[in-house]
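Here is the structure we will look at.
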Amino acid sequence: MPTVGERQRRIAPQGKYRITPRSGGIHEQDTYTPYDTQDCIGRNCCIVCRTRHPARPERLSGAADFGCRPVQYGGYNDRLARAFAPFLQEAIGQPLTIVNRGGGGALLGHSYFMQQPDDGYTILCTSAAPYLPLNILTQDAPFKIEDFHMINLPSRDYTLMATSAESDIQSVEDVVSRLKADAGALSIGIQPASADLVNMMLFADANGIDRSGLRLVTYDGGGPARNATAGGVVDIGMVGGQGFIPLGEKVRPLLVFDDASRDGWTSPNVTELNGADAQYVAGSQRGWGVHASLLEKHPDRYQTILAAIESASKDEAAIASLKAQDLATDWVGPEASNKALAATAKVMTQHIDLLKGT
């Protein structure tokens, strides 16, 4: 007898939901119907279906930095949610529906999520950092960090400075020399009010570049900024490095904003260029969260969701599938995830003047 997982994958093969970065689009259905519940009744495999919370379909609220219907598809969070959903719904025992709410630097998606009942039927997939702190610090968001509880943030990103593989810019030293001579010499693809912008300004300060003269080209999302970089629409791009991985052959990495090498990029890291005391901020921390109030209001439902996300994150099939799509599925857990988010929010607060200056 096939297991629930075998039945699910037979009806909704995971490959169906994969996308190619260049296409930037997902055109399949948004609602996942993992298996025929009636077919399971009376079989051992269906005990989980009938007894586990929730008793009705779960919703995944995608508050991605971009890529949310009806704006654009294909950002990291959008790909993460769709790739992980088949495994999560198997673990939780119910179909999942992905709801995209893009725009406003994730403010609309986060606000939408907070407007949903804190009954455990809605799970958030988002770039918790930097966008929750940014929403609060720069956009008068109607919520605070403590309103969110992150169950797992498997993706710990970093800013990558890159240029097109066809560009005549060969190294970060080329960037420094050109921008020192003329701060407007290069166009820079970037997202407004982002950790990447803070890093760009700190990079300029550290290398004697006039930040006021920089020629910034802003994009409403990491995907468009990366595509503009790979396509040579802008001279350099400053965007999350993990999102660049699928475009690895189309870009030339110039500088990693971390204190160690990441993901096999051959470029130096920022501490090699600017010294061990180089200032920079961490990139996006992406993953899954719920209403903080859920923990006290429905602790049993919280434990069900927690267990399901942990189980799916450790599922060997999920790991292989997400790895093949350059997506993270590491199990970090709530304590480390919320600690990392709080630490990033503190650093972002220290640079609030930079963030508000755009």
Exercise. Has the side chain of D118 got a donor or acceptor atom that lies under 3.5 Å from a matching backbone atom of L294?
Worked result: no
For this session: With rounding to the nearest 0.5 Å, note down the distance linking CD in E146 to CG in L132.
Result: 10.5 Å
For this session: Answer whether the closest heavy-atom distance between the side chains of F203 and L255 falls below 4.5 Å.
Result: yes
Exercise. Should V172 and S267 count as side-chain neighbours, where that means a heavy-atom distance under 4.5 Å?
Worked result: no
Seminar exercise, completed: Taking every heavy atom of D196 against every heavy atom of V239, the minimum-distance pair comes out as OD2-CA, 3.6 Å
For this session: Show your working on side-chain contact (heavy atoms from CB on, under 4.5 Å) between F148 and M114 and close with a plain yes or no.
Result: CA-CA 9 Å; F148 298 81; M114 291 308 300; 3.6 Å; yes
Exercise. Any side-chain donor paired with an acceptor under 3.5 Å for S171 and E173?
Worked result: yes
Exercise. Any donor-acceptor pair under 3.5 Å linking the side chain of T159 with the backbone of G283?
Worked result: no
Problem set entry | Which atom of K180 lies closest to which atom of N207, heavy atoms considered | CD-O, 3.2 Å
Problem set entry | Flag side-chain contact, heavy atom, 4.5 Å: L88 against I309 | yes
For this session: State, with a plain yes or no, whether a side-chain heavy atom of W265 is found less than 4.5 Å away from one of L254.
Result: no
Problem set entry | Carboxylate-amine/guanidinium contact D182 R178, below 4.0 Å | no
Exercise. How many angstroms lie between atom CD1 of I319 and atom CG of D330, to the nearest 0.5 angstrom?
Worked result: 7.5 Å
For this session: Classify the ring geometry between H291 and F113 as parallel (under 30°), tilted (30 to 60°) or perpendicular (over 60°).
Result: parallel
Exercise. Do D205 and R211 have side-chain heavy atoms sitting under 4.5 Å apart?
Worked result: yes
For this session: For the pair L197 and L216, evaluate side-chain contact (heavy atoms from CB on, under 4.5 Å) and give the outcome as yes or no after the intermediate values.
Result: CA-CA 9 Å; L197 176 63; L216 304 178; 3.8 Å; yes
Exercise. For the residue pair A260 and V256, what are the closest heavy atoms and their distance?
Worked result: O-CG1, 4.2 Å
Exercise. Given side chains that start at C-beta, do those of I145 and P133 come closer than 4.5 Å, heavy atoms only?
Worked result: yes
Problem set entry | Ring centroid separation Y158 to Y280 under 6.0 Å | no
Problem set entry | Salt-bridge present (E310, K314; N to O < 4.0 Å) | yes
Problem set entry | Side chains of N199 and V281 in contact at under 4.5 Å (non-hydrogen atoms) | yes
For this session: Give the cluster check for V270 versus L202: same hydrophobic cluster or not, with ILVMFWY residues linked at side-chain heavy-atom distances below 4.5 Å.
Result: yes
Seminar exercise, completed: Of all heavy-atom pairs linking R156 and Q242, the shortest is O-NE2, 3.4 Å
For this session: Determine whether more than 12 heavy atoms belonging to other residues, nucleotides or ligands lie under 6.0 Å from atom CD of Q170.
Result: yes
For this session: For residues F84 and T329, determine if any side-chain heavy atom of one lies less than 4.5 Å from a side-chain heavy atom of the other.
Result: yes
Seminar exercise, completed: Between I123 and G289 the two heavy atoms that sit nearest each other are CG2-O, 3.5 Å
Problem set entry | Results of ring pair (Phe, Tyr, Trp, His ring centres under 6.0 Å) for H149 - residues two or more places apart only | Y302
Exercise. Are F257 and I209 linked, directly or through other ILVMFWY residues, by side chains that come within less than 4.5 angstrom of each other?
Worked result: yes
Exercise. Got a donor-acceptor contact below 3.5 angstrom from the S111 side chain to the L107 backbone?
Worked result: yes
Problem set entry | Heavy-atom donor-acceptor pair, D157 side chain to G241 backbone, under 3.5 Å | yes
Problem set entry | Any donor-acceptor pair under 3.5 Å from R286 side chain to L80 backbone | no
Exercise. Quick check: does any side chain N or O of R252 sit under 3.5 Å from a backbone N or O of I169, one acting as donor and the other as acceptor?
Worked result: yes
For this session: Would you check if there is a donor-acceptor pair between the side chains of N269 and E272 at a distance under 3.5 Å?
Result: yes
Seminar exercise, completed: Between R79 and L327 the two heavy atoms that sit nearest each other are O-CD1, 3.6 Å
